[in-house]
Amino acid sequence: MSRLQVVSGKGGTGKTTVAAALALALATEGKRTLLVEVEGRQGIAQLFETEALPYEERKIAVAPGGGEVYALAIDPELALLDYLQMFYKLGGAGRALKKLGAIDFATTIAPGLRDVLLTGKACEAVRRKVKSGRFVYDYVVMDAPPTGRITRFLNVNDEVAGLAKIGPIHNQAQAVMRVLKSKETAVHLVTLLEEMPVQETADGIAELRAAHLPVGRIVVNMVRPEVLDGADLELVRTTPRSAVAKALSSAGLGGARRGGNAEKLVDPLVQQAEEYAERYALEHEQRSVLGELGLPLHELPLLTEGMDLAGLYELATELRKQGMS
């Protein structure tokens, strides 16, 4: 597995949930994972049922087998202060610039710089080592921007071309791109078995490939259980309604003793089966589309009782079973 795992997806597909579950899955068996948030939504804190994340790496969970998950919400303004201190040793002058609003101004008018800072912080965590030479984190998982923005976000080298041709900013962008376009990185896309998310996934993969960014896997999230298969649905379609009514009556449903009529049950049951058949056909069609993209495909179940910390561990276990660790 690549050491930097980037997770993107269309809004509403649950990419933050998948990123969090992946971080847990990768941290099992004593590994240490850093889960990075770059959009300032504090979605990670909500999933792990903890307080808002500060701009520092904080342990938020223990994985099965004793592994640890750390989390970091990257603040671009504070990241720029780190950058200025690293390259220019500004110290207190940098803090003064922040009070004057210069830091916010710089990251707002130069979105390319903002992306360099966000991706650069994650890449620094990937490369960071302790004195013994061991990596501080075995894996870094980034909860990245949505599919429509992911290629531009990661392709920071192009973004800063208009900002700096030489100097520290240029060199930083080059260093970031060496990580992002190497085997150390994999960009995973999260989707649902619906037409719009699948199409956006296909478009995102095409854009990533065109930019020579390493595409990883597709994760289909919130998959509903299969109640009837194709043979069952064909039986529903071809069986006369009178036969269905007779079967219901024989089973004691809608019989005279209950004061009902089995025939009254047939129409709603058939309608429900038809609705299921339509969804079944749509989902199988979208699976076929995803299968043609030539990437490993993983599926995570819909948790009918909603998402909580226990559900997050359940999804992490499922990812491990499917080889995403």
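Put simply, the side chain of T185 never gets that close to the backbone of K181: no donor and acceptor are under 3.5 Å apart. With hydrogens and angles ignored, the 3.5 Å screen pairs a side-chain donor or acceptor of E37 with a backbone N or O of G43. Formation of a donor-acceptor pair under 3.5 Å by the H188 side chain with backbone atoms of I218 is not found in this model. No side-chain donor-acceptor contact under 3.5 Å links T147 to the backbone of G204. Distance alone, capped at 3.5 Å, places no donor-acceptor pair between the S2 side chain and the L4 backbone. Remark: side-chain polar atoms of K15 are paired, donor with acceptor, to backbone N or O of A144 under 3.5 angstrom. With E57 contributing its side chain and Y70 its backbone, the two residues share no donor-acceptor pair below 3.5 Å. With hydrogens and angles disregarded, no donor-acceptor distance shorter than 3.5 Å links the side chain of T50 to the backbone of Q46. Without hydrogens or angle criteria, N221 side chain to T13 main chain gives a donor-acceptor distance under 3.5 Å.
Around atom CD of Q272, no more than 12 heavy atoms belonging to other residues, nucleotides or ligands sit under 6.0 Å away. Within 6.0 Å of atom CD in E56, more than 12 heavy atoms from other residues, nucleotides or ligands are found, so the atom counts as buried in its surroundings. No more than 12 heavy atoms of other residues, nucleotides or ligands shown are found within 6.0 angstrom of CE on M196.
Side-chain atoms of R41 and T16 include a donor-acceptor pair closer than 3.5 Å. Between the side chains of E195 and Q199, no donor-acceptor pair of N or O atoms lies under 3.5 Å.
Residues R217 and L297 fail the side-chain proximity criterion, which asks for heavy atoms closer than 4.5 Å. Y139 places none of its side-chain heavy atoms less than 4.5 Å from the side chain of L34. You'll find the side chain of E318 reaches within 4.5 Å of the side chain of P301, heavy atoms only. The shortest side-chain heavy-atom distance between I60 and L53 falls under the 4.5 Å cut-off. Side-chain contact between L302 and R224 is present, with heavy atoms from C-beta onward closer than 4.5 Å. The shortest distance between side-chain heavy atoms of L193 and L290 falls below 4.5 Å. Counting only heavy atoms from C-beta outward, the side chains of R320 and T28 approach each other to under 4.5 Å. Under the 4.5 Å side-chain criterion, counting only non-hydrogen atoms from C-beta, C123 is in contact with L180.
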Run the numbers on K59 and V69 for side-chain contact (heavy atoms from CB on, under 4.5 Å), then give the verdict.
CA-CA 6 Å; K59 186 167 77 172; V69 176; over 6 Å; no
Run the numbers on K10 and D203 for side-chain contact (heavy atoms from CB on, under 4.5 Å), then give the verdict.
CA-CA 11 Å; K10 178 177 169 57; D203 293 342; over 6 Å; no
Evaluate the criterion side-chain contact (heavy atoms from CB on, under 4.5 Å) for residue pair V141 and T33; output intermediate values, then yes/no.
CA-CA 7 Å; V141 179; T33 301; 3.9 Å; yes
When you look at Y55 and K121, which way does the side-chain contact (heavy atoms from CB on, under 4.5 Å) test go after all the steps?
CA-CA 11 Å; Y55 181 59; K121 189 68 177 178; 3.4 Å; yes
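Counting all heavy atoms, side chain and backbone alike, M1 lies closest to S325 at CG-O, 3.6 Å. A pairwise comparison of heavy atoms in P214 and S182 identifies CG-O, 3.7 Å as the closest pair. A pairwise comparison of heavy atoms in A52 and R58 identifies O-NH1, 4.0 Å as the closest pair. Between E49 and L309, the shortest heavy-atom distance links the atoms OE2-N, 3.3 Å. Across every non-hydrogen atom of V38 and P145, the tightest pair is CG2-CD, 3.8 Å. Of all non-hydrogen atoms in F48 and L35, the two that sit nearest each other are CE1-CD2, 3.8 Å.
In summary, of the residues considered (R287, R279, Q286), a side-chain hydrogen bond (donor to acceptor under 3.5 Å, both in side chains) with E283 occurs for R279 alone. Exactly one of T191, V198, L192 qualifies for a side chain to side chain contact (heavy atoms under 4.5 Å, CB included) with E194. That residue is L192.
Cluster membership check: V36 shares its hydrophobic cluster with V187, using side-chain heavy-atom separations under 4.5 Å among Ile, Leu, Val, Met, Phe, Trp and Tyr. Note on L208 and L293: same hydrophobic cluster, where clusters join Ile, Leu, Val, Met, Phe, Trp and Tyr whose side-chain heavy atoms are under 4.5 Å apart, directly or indirectly. Under the 4.5 Å side-chain heavy-atom criterion for grouping Ile, Leu, Val, Met, Phe, Trp and Tyr, I150 is connected to V215 within one hydrophobic cluster. Under a hydrophobic clustering in which Ile, Leu, Val, Met, Phe, Trp and Tyr are joined whenever their side-chain heavy atoms come within less than 4.5 Å, directly or via other members, M307 and V220 fall into different clusters. Follow the hydrophobic side-chain contacts under 4.5 Å out from L72 and you reach V179 in the same cluster.
E39 and R149 are joined by a salt bridge, as a carboxylate oxygen and a charged side-chain nitrogen come within less than 4.0 angstrom of each other. Salt bridge absent: D138 and R3 never bring a charged side-chain N and a carboxylate O closer than 4.0 Å.
Put simply, CG on L22 and CG on L315 are 11.5 Å apart, with the number rounded to the nearest 0.5 Å. Between the OG1 atom of T119 and the CE atom of M177 there is a distance of 8.0 Å, given to the nearest 0.5 Å. Within the model, atoms CD of E200 and CG of L189 stand 9.5 Å from one another, a figure rounded to the nearest 0.5 Å.
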